[in-house]
Amino acid sequence: MSIKKPELSEMSTRAKYCAGDEEEGGMTPAAAAAAAAAARGDCARGGCHAEEGAESASAAAASSSTWVELYAQPVAAELVGSFFFIFIGCLSVITNPSDTGALQPALAHGLALGLCIAVLGKLSGGHFNPAVTAGVAVVGGVSLRLVIPYWVSQLVGGMLGALLARGVVGEEAFAASSGAAFVPPEAVALGRAVLAETFLSALLVLAVVMGAVNERSSSPLAPFCIGFVVTVDILAGGSISGACMNPARAFGPAVVKNLWESHWVYWLGPFLGGLLIGALVRLLLGDRRRRILFK
């Protein structure tokens, strides 16, 4: 019995297909692997171009955006988010029953912040806090031309939120709770209060920068992780400094109540914490595009 041998032309065709002859429109396995690696942004020389690609895409998107999307919407979002966050925060302090301790303010502040970031973060980054804006600016996460407008919006939002809280609860309850303004406890030295505010704020800014700004570590759960940090900070440090972590949260009630005792603590501490984390991310923790050292 004889077995028919394949014709030479058939064998050649199969050989070309298996080898992926480029002249016939195929691709060699090595070429396919190289193309797949390039598509993934991999680099055989030990680098990764995904960050550069993301930066280019962001630049292209920014170039096609209008001034409303680039400036008006972010600034308005910071005002609206700060307003609602500080309104809820002040209300939770003013109406806090004496037997619940810091639990009600901690949950209200944390949940309100997480929700505001979730719904407004795509427009502005969801800072709602001048110290957070400072830290994010240090790592290049927000345009420097937006920093001052963000701060103004956050402070105005804080004043409006505290004013609405005063209108909702009435003068008697507002006065009894000092308008939810922050004043360090008498038993706590001001240096300890500043130290507490610095590192409580540092943890908050770390969650924002690494969870929402830094590409390699960003997470879709960032809004609620940031809210959880606020809850944890208030539960842990509320009895030491009040755990403000936000100059706008301190400023709004201070204006409405006209209470300025040791108010500087709630500016110095949060800004020190924000700048500390900004520097740490720039020097070491950030991805290649944000890191200064060890690129």
Side-chain angles (χ1 to χ4, degrees), residues 77-98 100-121 124 126-133 150-151 153-170 173-185 193 196-197 200-201 203-205 207-208 223-257 259 263 265-267 269-270 273-274:
E78 285 297 307
L79 191 152
V80 171
S82 300
F83 164 74
F84 279 111
F85 166 60
I86 293 171
F87 166 65
I88 294 296
C90 290
L91 205 60
S92 70
V93 172
I94 295 169
T95 62
N96 187 33
S98 58
T100 62
L103 183 60
Q104 177 170 303
L107 290 174
H109 281 85
L111 292 172
L113 182 59
L115 289 170
C116 287
I117 294 172
V119 299
L120 295 171
S124 68
H127 301 176
F128 316 132
N129 182 336
V132 168
T133 299
Y150 270 28
W151 286 346
S153 294
Q154 292 154 1
L155 296 176
V156 171
M159 289 188 290
L160 294 176
L163 191 62
L164 180 60
R166 177 180 182 176
V168 168
V169 301
F174 187 81
S177 60
S178 299
F182 283 90
V183 177
E197 285 294 316
L200 294 173
S201 302
L203 180 58
L204 172 60
V205 177
V208 173
F224 295 100
C225 292
I226 296 165
F228 292 155
V229 168
V230 170
T231 296
V232 168
D233 278 358
I234 293 174
L235 290 173
S239 62
I240 300 173
S241 64
C244 177
M245 303 166 281
N246 186 338
R249 170 64 180 85
F251 182 75
V255 171
V256 176
K257 180 61 179 172
L259 181 59
H263 182 72
V265 168
Y266 302 105
W267 287 77

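Since we're looking at a predicted model, the values are computed, not measured.
- Contact between Ile94 and Ala180 at its shortest, heavy atoms only, is CG1-CB, 4.1 Å.
- The two residues Pro130 and Pro247 have their closest heavy-atom pair at CD-CD, 4.0 Å.
- Contacts of Phe83 classified as ring-ring contact (aromatic ring centres under 6.0 Å, His included), with partners at least two apart in sequence or in another chain: none.
- The two atoms that bring Phe128 and Gly81 nearest to each other are CE2-CA, 3.5 Å, heavy atoms only.
- Ring geometry for Phe182 against Tyr266 counts as tilted: the plane angle lies between 30° and 60°, on a 0 to 90° scale.
- Sorted by first and then second residue, the side chain to side chain donor-acceptor pair (under 3.5 Å) pairs involving residues 155-164 (not counting sequence neighbours) form an empty list.
- Closest approach of Pro253 to Ala248, counting heavy atoms only: CD-O, 4.5 Å.
- Qualifying ring-ring contact (aromatic ring centres under 6.0 Å, His included) partners for Phe85, counting only residues two or more places apart in sequence or in other chains: His109.
- Aromatic ring orientation, Phe251 versus His263: tilted (interplanar angle from 30° to 60°).
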Candidate pair Leu111 and Phe224, rule side-chain contact (heavy atoms from CB on, under 4.5 Å), full reasoning: CA-CA 8 Å; Leu111 292 172; Phe224 295 100; 5.7 Å; no

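- For residues 153-166, the side chain to side chain donor-acceptor pair (under 3.5 Å) pairs, not counting sequence neighbours, are Glu78-Gln154, Thr133-Gln154, Arg166-Glu171.
- The only option from Asn129, Leu204, Val132 that meets the side-chain contact (heavy atoms from CB on, under 4.5 Å) definition with Ile226 turns out to be Leu204.
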Kindly list each side-chain donor-acceptor pair under 3.5 angstrom involving residues 227-242, sequence neighbours excluded, with atom names and distances?
from: Thr231; atom 1: OG1; to: Ala106; atom 2: O; distance (Å): 2.9
from: Thr231; atom 1: OG1; to: Gly227; atom 2: O; distance (Å): 3.3
from: Ser241; atom 1: OG; to: Glu197; atom 2: OE2; distance (Å): 2.6
from: Ser241; atom 1: OG; to: Ala243; atom 2: N; distance (Å): 3.2

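- Evaluation of the side chain to side chain donor-acceptor pair (under 3.5 Å) test over residues 79-96, restricted to residues two or more places apart or in two chains, returns Thr95-Gln104, Asn96-Thr100.
- Listed here is the closest heavy atom pair of Ser177 and Ala173: OG-O, 3.1 Å.
- Applying the 6.0 Å contact sphere to CZ of Phe174 captures more than 12 heavy atoms from other residues, nucleotides or ligands.
- Within the 4.5 Å cutoff, the side chain of Phe87 has heavy atoms near those of the Val168 side chain.
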Pair Ser178-Leu259, side-chain contact (heavy atoms from CB on, under 4.5 Å): steps then yes or no: CA-CA 8 Å; Ser178 299; Leu259 181 59; 4.0 Å; yes

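- Of all non-hydrogen atoms in Pro223 and Ala118, the two that sit nearest each other are CB-N, 3.9 Å.
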